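A quick note: this is a predicted structure, and the numbers were derived from the prediction, not measured. Note that the numbering runs from 1 along the sequence shown for the chain.
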Amino acid sequence: MRLIAISDIHGRKGNLFDIVDKHIEEAKYFLCLGDCNSGDDFDDVTHFFGKDLHLITVSGNTDWYSSEPATREFTLEGKRIMLCHGHTFNVKQTYITLAHEAKNRNIDLALFGHTHEPHISIENGVYLMNPGSVSNGSYGIIDISENEIKCKNVKI
């Protein structure tokens with residue numbers, strides 16, 4: 001199953017549209033990790049792609065009016081996935097807090113944003129991924145199956 005991870009759109013709707021347009025046929029879900037200007041950044045793509053766009057989001061530190069939660073957890077292909085923006089886990093200073101919390105929650109893959117810097121690592125047995133910032137043209141591609149998780153960061 002293919003997932004597309006996006007974060008920190010900050011009004012760059014053209015970049016977002018390009019990413020969605022490129023992957024709409026292959027991606028099961030688009031996972032937004034916050035700072036999407038309280039959902040305004042999705043207006044054009046949701047209108048254009050409609051029901052074909054399967055979006056799961058969390059709120060970020062600039063999503064002041066968002067009704068989305070700060071974190072989400074769910075299971076796909078037998079893998080536990082956690083979405084967060086990262087500001088509540090202090091990711092600009094360290095990934096240790098996020099990795100520790102994800103491990104305590106039995107998470108296999110923790111996705112976060114906030115730093116605008118693409119990152120992939122395995123910490124404490126948990127995959128950590130930051131897709132970077134859509135505003136800078138970066139995003140993440142995740143392929144998951146019962147047997148593995150493959151993550152890569154790409155540029156538009």
Same hydrophobic cluster for [X] and [Y], using side-chain heavy-atom links shorter than 4.5 Å among ILVMFWY?
X: Ile6; Y: Ile24; answer: yes
X: Val91; Y: Ile107; answer: yes
X: Leu128; Y: Ile122; answer: no

Flag yes if more than 12 heavy atoms outside [X] fall under 6.0 Å of its [atom1] atom; otherwise flag no.
X: Gln93; atom1: CD; result: yes
X: Glu25; atom1: CD; result: no
X: Ile96; atom1: CD1; result: no

Is there a side-chain contact between [X] and [Y] (heavy atoms, below 4.5 Å)?
X: Leu98; Y: Glu123; answer: no
X: Ile141; Y: Ile4; answer: yes
X: Ile9; Y: Asn15; answer: no
X: Asp63; Y: Thr57; answer: no
X: Leu111; Y: Ile142; answer: yes
X: Arg80; Y: Glu73; answer: yes
X: Val20; Y: Phe48; answer: no

>> As a quick check of understanding, evaluate side-chain contact (heavy atoms from CB on, under 4.5 Å) for Val45 and Phe30, giving each step before the final call.
In response: CA-CA 12 Å; Val45 294; Phe30 289 83; over 6 Å; no
Taking all non-hydrogen atoms of both residues, which atom of [X] and which atom of [Y] are closest, and how far apart?
X: Leu109; Y: Cys151; value: CD1-SG, 4.0 Å
X: Met129; Y: Ile120; value: CG-CG1, 4.0 Å
X: Asn124; Y: Ala99; value: ND2-O, 4.4 Å
X: Pro131; Y: Ser7; value: CG-CB, 4.1 Å
X: Leu16; Y: Val134; value: N-CG1, 3.7 Å
X: Phe112; Y: Gly86; value: CB-CA, 4.3 Å

> Can you list the steps and then say if Lys79 with Tyr127 is a side-chain contact (heavy atoms from CB on, under 4.5 Å)?
Replying inline: CA-CA 11 Å; Lys79 304 294 185 196; Tyr127 283 87; over 6 Å; no
> Could you go step by step and tell me if Leu3 and Ile56 meet the side-chain contact (heavy atoms from CB on, under 4.5 Å) rule?
Replying inline: CA-CA 10 Å; Leu3 311 170; Ile56 302 173; over 6 Å; no
Just verifying a value: how many Å separate [X] [atom1] and [Y] [atom2], rounded to the nearest 0.5 Å?
X: Asn106; Y: Thr75; atom1: CG; atom2: OG1; answer: 10.0 Å
X: Ser133; Y: Glu117; atom1: OG; atom2: CD; answer: 9.5 Å
X: Tyr29; Y: Leu53; atom1: OH; atom2: CG; answer: 12.0 Å
X: His114; Y: Thr88; atom1: NE2; atom2: OG1; answer: 9.0 Å
X: Thr115; Y: His87; atom1: OG1; atom2: NE2; answer: 13.5 Å
X: Leu83; Y: Leu31; atom1: CG; atom2: CG; answer: 5.5 Å

Look only at the side chain of [X] and the backbone of [Y], and say whether a donor-acceptor pair between them is shorter than 3.5 Å.
X: Asn130; Y: Pro118; answer: no
X: Lys155; Y: Asn136; answer: yes
X: His116; Y: Gly132; answer: no
X: Lys13; Y: Phe42; answer: no

>> Applying side chain to side chain donor-acceptor pair (under 3.5 Å) to Asp43 and His47, what does each step give before you reach the verdict?
In response: CA-CA 6 Å; Asp43 289 351; His47 179 73; over 6 Å; no
> Do you know which of Lys150, Lys152, Arg2 makes salt bridge (Lys or Arg N to Asp or Glu O under 4.0 Å) with Asp143?
Replying inline: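 Testing each of Lys150, Lys152, Arg2 against Asp143, the sole residue satisfying salt bridge (Lys or Arg N to Asp or Glu O under 4.0 Å) is Arg2.
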>> In terms of relative ring orientation, are His23 and Tyr139 parallel, tilted or perpendicular, with 30° and 60° separating the classes?
In response: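 Rings of His23 and Tyr139: perpendicular, over 60°.
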> Please walk me through it: do Phe17 and Phe49 pass ring pair (Phe, Tyr, Trp, His ring centres under 6.0 Å)?
Replying inline: CA-CA 10 Å; Phe17 192 92; Phe49 293 103; 5.3 Å; yes
>> Between Thr62 and His10, does the side-chain contact (heavy atoms from CB on, under 4.5 Å) criterion hold? Intermediate values first, please.
In response: CA-CA 9 Å; Thr62 68; His10 297 297; 3.9 Å; yes
> Any luck finding a side-chain donor-acceptor pair between Asp8 and Ser135 under 3.5 Å?
Replying inline: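 No pair is found: no donor N or O on one side chain lies under 3.5 Å from an acceptor on the other.
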